[in-house]
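None of the values given here were measured: they were computed from a predicted structure. The first residue of the sequence shown is numbered 1, and numbering continues consecutively from there.
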Amino acid sequence: MDFPQVPNTHALVMLLMTGVALFLFSREKIHLESSSLAILVMVVVGFQLFPFEGARGAIEPMTFFYGFGHEALIAVCALMIAGEALVRTGALEPVARRLARLWRWSPKLALLLTLIIAAILSAFMNNTPIVVLMLPMLIGAVARSKGSASGVLLPMGFATLLGGMGTTIGTSTNLLVVSVAADMGMERFAMFDFMIPVVLAASVAIIYLWLVAPHMIPKRTPPMADLSNREFEAHLLIPSGNPLVGRSLAHLIHKAGEGFRVKRIFRDEHQFISPLPDVVIREDDKIQVSATVDMLKEYQALLGARLTAGPEPSSTPHEGHIQLAEVVVTGGSQLRGLKVADARLEERYGLDLLAVHCGGDVVSASTAELSRRQLRASDVLLVQGRSENIRTLKMGGELLVLDNTADSPHTRKAPLALFIMVAIVALAALGIMPIAMSAMLGCMALIGTGCIRWQQANRALSAQVILIIVASLALGSALMKTGGAEYLAQVFLYLTSRLSPAWILSSLMLLMAILTNVVSNNAAAVVGTPIAISIAQELGLPLEPFVLSVLFGANLSFITPMAYKTNLLVMNAGGYKFNDFVRVGTPLTLLMWVVLSLVLTFAYQL
């Protein structure tokens with residue numbers, strides 16, 4: 001086979017631009033949104049200034065904006081909103097609570113069930129809310145069972161990636177590959193068409209994650225270790241009308257019970273009183289105490305008091321159900337390195353900061369030192385605010401909310417939200433309507449029934465995901481229309497000309513696996529899909545196994561923490577190092593690659 005002839009100038013430019021795009025997508029210091037927008041604009045403007053006319057006619061530059069209305073993007077956005085509704089209503093909280101109880105009884109069995117449940121859930125919804133839900137639950141459960149979180153969090157994160165491979169809606173990558181292949185004339189995959197190969201490979205992988213991977217990971221100390229004995233200094237406000245007003249401090253201590261340690265009593269902005277037993281309690285007195293979060297919550301209930309941020313006059317009290325929460329500054333948080341005063345927690349999140357716990361040191365809100373202190377990764381903040389604000393914080397990724405301090409957000413809408421999600425999947429799985437249509441219908445039902453509000457739905461959408469999908473679709477379309485994809489396919493076939501079709505398919509999957517760990521998985525999938533179709537057409541073989549090799553390869557995001565957003569969440573929460581992902585993810589990638597290659601080869605008789 002001779003080396004392919006050089007394609008036309010437009011194809012060469014698009015190949016060069018693809019290389020530039022993959023490079024930009026791999027740069028951590030450049031926002032993915034900025035890179036995606038730049039690539040999209042360059043493609044559109046380039047074809048406007050330098051028109052191209054191929055065998056199928058001239059290319060209209062405005063068609064590259066069609067990605068914003070592409071059914072894959074619509075489905076991705078709608079499913080993100082549906083997933084957010086499940087989290088907001090607490091539909092998944094019962095699963096987390098039952099798993100937490102199982103960890104006390106049998107950690108080994110609990111880990112296996114955690115991996116299986118995480119994988120199953122991820123097959124039908126975005127894995128980010130699943131990881132956000134599981135992380136604090138697992139950290140708390142493992143700490144209480146005196147185990148190590150190091151061997152648990154990383155396998156759980158990888159299990160969600162395994163499950164996402166199994167259905168057309170499991171990840172945005174799957175939706176893109178299936179939609180792009182259908183746009184190019186291939187028969188559309190149904191929801192469960194490639195479930196069996198994934199189940200076979202994932203079964204082997206989960207055994208590896210359960211029995212082998214935990215022993216390969218060095219013991220790491222999560223930023224939020226030592227959940228049970230951490231004490232904070234806080235202030236209990238005695239409101240007007242409280243029965244304790246006019247009683248002695250000794251009576252208050254007796255009512256609170258043993259272990260109630262009063263440091264001082266703040267009577268106004270400038271006056272404090274030593275905690276003598278015969279001191280008479282007045283309304284608006286602020287009792288400074290030192291206790292664990294659980295004890296502070298108990299003191300609030302016993303004394304009818306309200307926690308405040310310090311001895312100074314409080315801002316307008318929060319309305320609604322008020323919660324205490326311990327939250328941890330993660331390594332990837334934008335708050336890391338900021339002074340407490342500059343973090344503006346009340347402005348950003350609607351939360352009052354009560355104290356900071358830093359590696360054994362406690363800085364109370366009553367000290368001037370707190371506002372000047374820089375926030376560091378692993379700092380634990382004691383905050384107070386409305387339940388809604390804490391749930392929003394839990395999904396934000398800036399701070400990690402520990403599960404033993406925040407109430408479960410289970411609501412009466414949870415069964416309804418779960419039913420609507422099942423209906424979305426069922427309508428698409430039964431072929432009654434496309435997933436983009438059923439997901440949009442589901443979103444309308446979720447919003448109409450109050451399971452999620454428009455403001456919450458807006459927060460569920462990610463500009464990063466939207467722009468990377470649109471830019472990738474524009475690149476893939478340009479490569480296909482200019483002949484660039486066909487040229488890449490011919491080069492790939494030239495390099496693998498001595499290999500059998502089975503090895504060519506396997507090599508393509510491995511190439512996609514390497515790309516997805518270096519650049520965006522969506523970009524790798526959209527660029528790879530037309531190449532896979534061109535390869536299959538050149539070989540005169542069925543399109544499906546080669547498209548699936550791209551789909552599977554683009555989902556093998558195990559080797560680097562930047563390969564997938566949830567990898568970064570797990571890395572920050574578990575205190576992992578880059579090499580931990582390489583150490584565990586490389587064998588997992590090779591294992592999945594071998595099993596999936598064999599299954600596709602035998603299934604399609606290559």
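Contact detail for A554 and M512: the closest heavy-atom pair is N-CB, 3.9 Å. Shortest non-hydrogen contact noted between A205 and L588 is CB-CD1, 3.5 Å. What you find for R188 and A182 is that their closest heavy atoms are NH2-CB, 3.6 Å. Annotation for Y576 and V570: closest pair CD1-O, 3.5 Å, computed over non-hydrogen atoms. Across all their heavy atoms, L73 and G67 have their closest contact at CD2-O, 3.4 Å. Scanning both residues, A523 and S472, for their nearest heavy atoms gives CA-OG, 3.3 Å.
When side chains are defined from C-beta on, F124 does not count as touching L79, because their heavy atoms never get closer than 4.5 Å. Using a 4.5 Å cut-off on side-chain heavy atoms (C-beta onward), F581 and N567 make contact. Contact annotation: the side chain of M509 approaches that of S597 to within less than 4.5 Å [non-hydrogen atoms, C-beta and beyond]. Residues F189 and L548 have side chains in contact (heavy-atom distance under 4.5 Å, counting atoms from C-beta outward). Contact annotation: the side chain of V526 never approaches that of L475 to less than 4.5 Å [non-hydrogen atoms, C-beta and beyond]. Side-chain contact check for I59 versus E53: every heavy-atom pair is 4.5 Å or farther apart. With contacts defined as side-chain heavy-atom distances shorter than 4.5 Å, the pair F47/M14 qualifies. Residues Y564 and V131 form no side-chain contact, since every pair of their non-hydrogen atoms from C-beta on lies 4.5 Å or further apart.
For the residue pair S122 and N127, no side-chain donor N or O sits within less than 3.5 Å of a side-chain acceptor on the partner. Side-chain contact of T173 with N521: a donor-acceptor pair under 3.5 Å is present, judged by distance alone.
Residues that satisfy the salt bridge (charged side-chain N to carboxylate O under 4.0 Å, His left out) test with E544, not counting sequence neighbours, are absent from this structure. Take I447 and apply the side-chain contact (heavy atoms from CB on, under 4.5 Å) test, not counting sequence neighbours, and it matches I452, W454.
Between M156 atom CE and I130 atom CD1 the span is 10.0 Å, to the nearest 0.5 Å. Note that the CD1 atom of I469 and the CD1 atom of I74 stand 11.0 Å from one another [nearest 0.5 Å]. Distance CG/L551 to CG/N174: 4.0 Å, rounded to 0.5 Å. If you take CG on L138 and CG on L111, they are separated by 8.5 Å, rounding to the nearest 0.5 Å. To the nearest 0.5 angstrom, S534 atom OG is 11.0 Å from L539 atom CG. Remark: D193 CG to T168 OG1 distance equals 8.5 Å, nearest 0.5 Å.
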Open item on the list: What verdict does the side-chain contact (heavy atoms from CB on, under 4.5 Å) test give for L416 and C451, after you've listed the backbone C-alpha separation in whole Å, the side-chain angles of each residue and the deciding distance to 0.1 Å?
Closed with: CA-CA 8 Å; L416 178 59; C451 292; 3.9 Å; yes

TODO: Apply side-chain contact (heavy atoms from CB on, under 4.5 Å) to T171 and N555, showing your working.
DONE: CA-CA 8 Å; T171 65; N555 274 291; 3.4 Å; yes

Open item on the list: I'd like to know whether M165 forms a side-chain contact (heavy atoms from CB on, under 4.5 Å) with M592, so could you lay out the CA-CA distance, the side-chain angles of the two residues, the decisive distance to 0.1 Å, and finally the verdict.
Closed with: CA-CA 11 Å; M165 298 172 65; M592 291 291 291; 3.8 Å; yes

Task: side chain to side chain donor-acceptor pair (under 3.5 Å) between S172 and N522, intermediate numbers included - done: CA-CA 7 Å; S172 58; N522 287 334; 3.2 Å; yes

- [ ] Please lay out, stage by stage, how L176 and L473 fare under the test side-chain contact (heavy atoms from CB on, under 4.5 Å).
- [x] CA-CA 8 Å; L176 281 170; L473 286 170; 4.0 Å; yes

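More than 12 non-hydrogen atoms from other residues, nucleotides or ligands lie less than 6.0 angstrom from CG of L200. Summarising the local packing, CZ of F419 is surrounded by 12 or fewer heavy atoms from other residues, nucleotides or ligands at distances under 6.0 Å.
In this structure, K481 forms a cation-pi arrangement with F64, its terminal cationic atom sitting closer than 6.0 Å to the ring centre and no more than 45° off the ring axis.
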Donor-acceptor pairs under 3.5 angstrom involving side-chain atoms of residues 432-444: please list them, not counting sequence neighbours.
from : atom 1 : to   : atom 2 : distance (Å)
S438 : OG     : I424 : O      : 3.1
S438 : OG     : I435 : O      : 3.2

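Side chain of T63 to main chain of E60: a donor-acceptor pair is present (N/O by atom type, distance under 3.5 Å, no hydrogens or angles). A donor-acceptor distance shorter than 3.5 angstrom exists from the side chain of W593 to the backbone of S506, with no hydrogens or angles considered.
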